[in-house]
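Okay, so here's the structure we're looking at.
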Number of protein chains: 2
Amino acid sequence: MASKQKTKFAVLGLLTWKPMSGYDIKKMVDVGLSHFWNENYGQIYPTLEQLVRDGMATKKEKRITGQRQRFVYAITRKGQRAFSDWLSEPTDAPIVRNELQLKFFLSCKLPADQSVRLINEYRAQQQGMLDEYRQSENVLRQAIRDETYPDDLSRIFEIANSSDKSRAVHCNIFLLTLRHGIHAIEARLAWCDEVLENLSR
Amino acid sequence: MASKQKTKFAVLGLLTWKPMSGYDIKKMVDVGLSHFWNENYGQIYPTLEQLVRDGMATKKEKRITGQRQRFVYAITRKGQRAFSDWLSEPTDAPIVRNELQLKFFLSCKLPADQSVRLINEYRAQQQGMLDEYRQSENVLRQAIRDETYPDDLSRIFEIANSSDKSRAVHCNIFLLTLRHGIHAIEARLAWCDEVLENLSR
DNA sequence: CCAGTATATATCAAACTGATATATCATGCA
DNA sequence: TGCATGATATATCAGTTTGATATATACTGG
């Protein structure tokens with residue numbers, strides 16, 4: 001198999017922001033990238049080891065007194081080059097796995113109320129996600145406008161960086177990618193309405 | 001591990017339409033479900049065997065003279081029940097892996113023209129897909145309106161079913177799920193414009 | 001009659017997933 | 001003070017999934 005190893009570049013990319021531990025990386029992905037990406041420990045830790053072996057990252061134990069053992073990884077020049085090369089390579093089209101679409105598609109021979117039920121559940125699920133995203137959006141917009149970084153965000157930025165200027169940049173990129181997620185959900189909701197109308201005819 | 005085995009239900013669901021071979025199933029997924037699902041032979045053939053072992057499908061060799069060996073699988077009562085049960089179970093939220101979003105996110109510290117280049121490429125890629133989808137949409141809409149099924153579609157429906165009434169139902173479900181894909185792409189294009197505007201400020 | 005393509009089944013190493021095991025430190029509260 | 005709960009942190013692994021490839025037959029046009 002040709003292998004894609006996107007994880008490698010995701011990790012490398014995050015390390016260009018600042019040195020991190022495997023745990024930090026996981027949290028970063030879960031908090032900030034979850035609507036378009038995911039990684040898991042089973043992938044992160046071996047990748048980190050591999051990066052060290054390939055000379056793309058260095059591993060250092062950071063034991064702050066009275067704190068748990070931490071291994072912090074930093075990107076090397078070679079790693080930066082590999083990351084940069086990857087950015088210029090052709091980008092795969094988005095990959096989607098939508099279980100609802102599958103169920104809906106496969107139910108077309110069944111009574112219509114079955115399909116309506118599926119759509120209504122999907123609608124509710126997506127609306128719930130939209131509410132959450134909108135809340136995050138408001139927090140981010142306010143932070144950017146006021147140049148203040150409330151507790152909700154401090155956690156993320158503690159990891160991501162320190163300086164106020166970096167915070168602004170980070171807030172902005174979080175907001176921009178979140179907007180992608182919001183657009184995607186709104187599209188799904190619009191589709192639900194369209195289908196519901198089609199089914200009621 | 002708890003195992004998901006969605007493939008099992010995807011296969012079962014397609015077999016509720018009509019008996020098919022592994023090859024048929026793969027083609028069906030590639031042609032009609034590709035914008036929200038994918039399966040591969042490495043998953044389909046073992047799943048088919050497993051379904052037979054579990055008494056959820058039957059395997060029959062259909063050797064039409066002068067044609068290649070074919071194993072056609074049909075769903076059993078037990079299989080139908082399993083499929084029906086799955087439909088009622090909670091549905092996973094859509095899973096997305098968007099490499100462009102990842103690159104864009106990770107590039108926020110680099111010069112803005114890098115980001116602009118990424119977005120422009122994404123835009124072009126998505127616009128290309130939209131053109132294809134729109135073309136399929138037109139074919140499907142025309143087929144439904146005129147109750148005629150042109151060559152483009154005959155291939156799909158040869159697999160999917162025979163009667164004209166079933167064709168209409170199939171055309172409709174293909175159209176409805178295709179609409180989901182179109183909404184999704186339009187949302188991505190709208191996001192591109194939004195970001196481009198943000199970056200130029 | 002031959003090359004290229006479509007049909008069709010099958011397999012496998014490599015990669016990925018999600019859950020779990022282990023351990024340390026912080027916090028509140030009874 | 002002790003003790004449950006939760007956050008921090010690293011690590012592993014069985015079970016799943018992926019994508020590529022091997023094999024073979026039939027069809028199609030030049």
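Numbered from 1 within each chain, the chains take letters A, B, ... in sequence-line order.
Nearest-nucleotide mapping onto DNA chain C: of B:Pro46 and B:Ile95, the residue sitting toward the 5' end is B:Pro46. For B:Thr7 and A:Phe71, each mapped to the nucleotide of DNA chain D holding its nearest heavy atom, the one lying further toward the 5' end belongs to A:Phe71.
Ring geometry, B:Tyr41 versus B:Tyr23: the interplanar angle falls under 30°, so the pair is classed parallel (tilted spans 30 to 60°). Using cut-offs of 30° and 60° for the angle between ring planes, the A:Phe174 and A:Trp17 rings count as perpendicular.
Residue A:Gly42 is in base contact, counting any heavy-atom pair closer than 4.0 Å across all strands shown. A:Gln43 comes within 4.0 angstrom of a nucleotide base, judged by non-hydrogen atoms across all strands.
Between the NZ atom of A:Lys62 and the P atom of D:dT10 there is a distance of 12 Å, given to the nearest Å. Rounding to whole angstrom units, CG of residue A:Asp92 and C1' of D:dT18 are separated by 13 Å. One can place CG of B:Leu48 at 11 Å from C1' of C:dT9, the figure rounded to the nearest angstrom. Distance B:Tyr41 OH to D:dT18 P: 15 Å, rounded to the nearest Å. Atom CG in B:Asp30 sits roughly 14 Å away from atom P in C:dA8 (whole-Å rounding). Going from atom CD of A:Glu49 over to atom C1' of D:dA9 covers 14 Å, rounded to whole Å. The distance from atom NZ of B:Lys26 to atom P of C:dA10 is 16 Å, rounded to the nearest whole Å. Distance, B:Met20 CE to C:dT7 C1': 16 Å, rounded to whole Å.
Separation of the B:His180 and A:Phe104 ring centroids does not fall under the 6.0 Å cut-off.
For B:Asn40, no side-chain nitrogen or oxygen approaches OP1 or OP2 of D:dG19 to under 4.0 Å. Side-chain nitrogen and oxygen atoms of A:Tyr45 include at least one within less than 4.0 Å of the OP1 or OP2 phosphate oxygen of D:dT10.
Ion pair A:Asp92/A:Lys4 not flagged as a salt bridge, since none of the NZ, NE, NH1 or NH2 atoms sits closer than 4.0 Å to an Asp/Glu carboxylate oxygen.
For A:Asn38, whose side chain is taken as the heavy atoms from C-beta onward, the closest listed nucleotide among C:dA19, C:dT17, C:dA8 is C:dT17. For A:Tyr23, counting side-chain heavy atoms from C-beta on, the closest listed nucleotide (C:dG18, D:dA7, C:dT9) is D:dA7. Nearest to the side-chain atoms of B:Lys59 among the listed nucleotides C:dT9, C:dA10, C:dT17 stands C:dA10. With distances taken from any side-chain atom of B:Lys27 to the nucleotides C:dT11, D:dT12, C:dT7, the minimum falls on C:dT7. Taking every side-chain heavy atom of B:Gln5 into account, D:dT16 is the closest of D:dT12, D:dT16, C:dT9. Out of D:dA9, C:dT17, D:dA11, the shortest distance to the side chain of B:Arg97 is found at C:dT17. Looking at the side chain of B:Arg70, the nearest of the listed nucleotides C:dA8, D:dT10, D:dG19 is C:dA8. Set against C:dA10, D:dT10, C:dC16, the side chain of A:Ser21 has D:dT10 as its closest nucleotide. When distances are taken from the side chain of A:Lys4 to each of C:dG18, C:dT9, D:dG19, the shortest belongs to D:dG19.
Between A:Pro94 and B:Gln125, the closest heavy-atom pair is CD-OE1, 3.9 Å.
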Salt bridge (charged side-chain N to carboxylate O under 4.0 Å, His left out) evaluation trace for B:Glu121 with B:Arg117: CA-CA 6 Å; B:Glu121 280 175 18; B:Arg117 202 211 76 222; 3.1 Å; yes

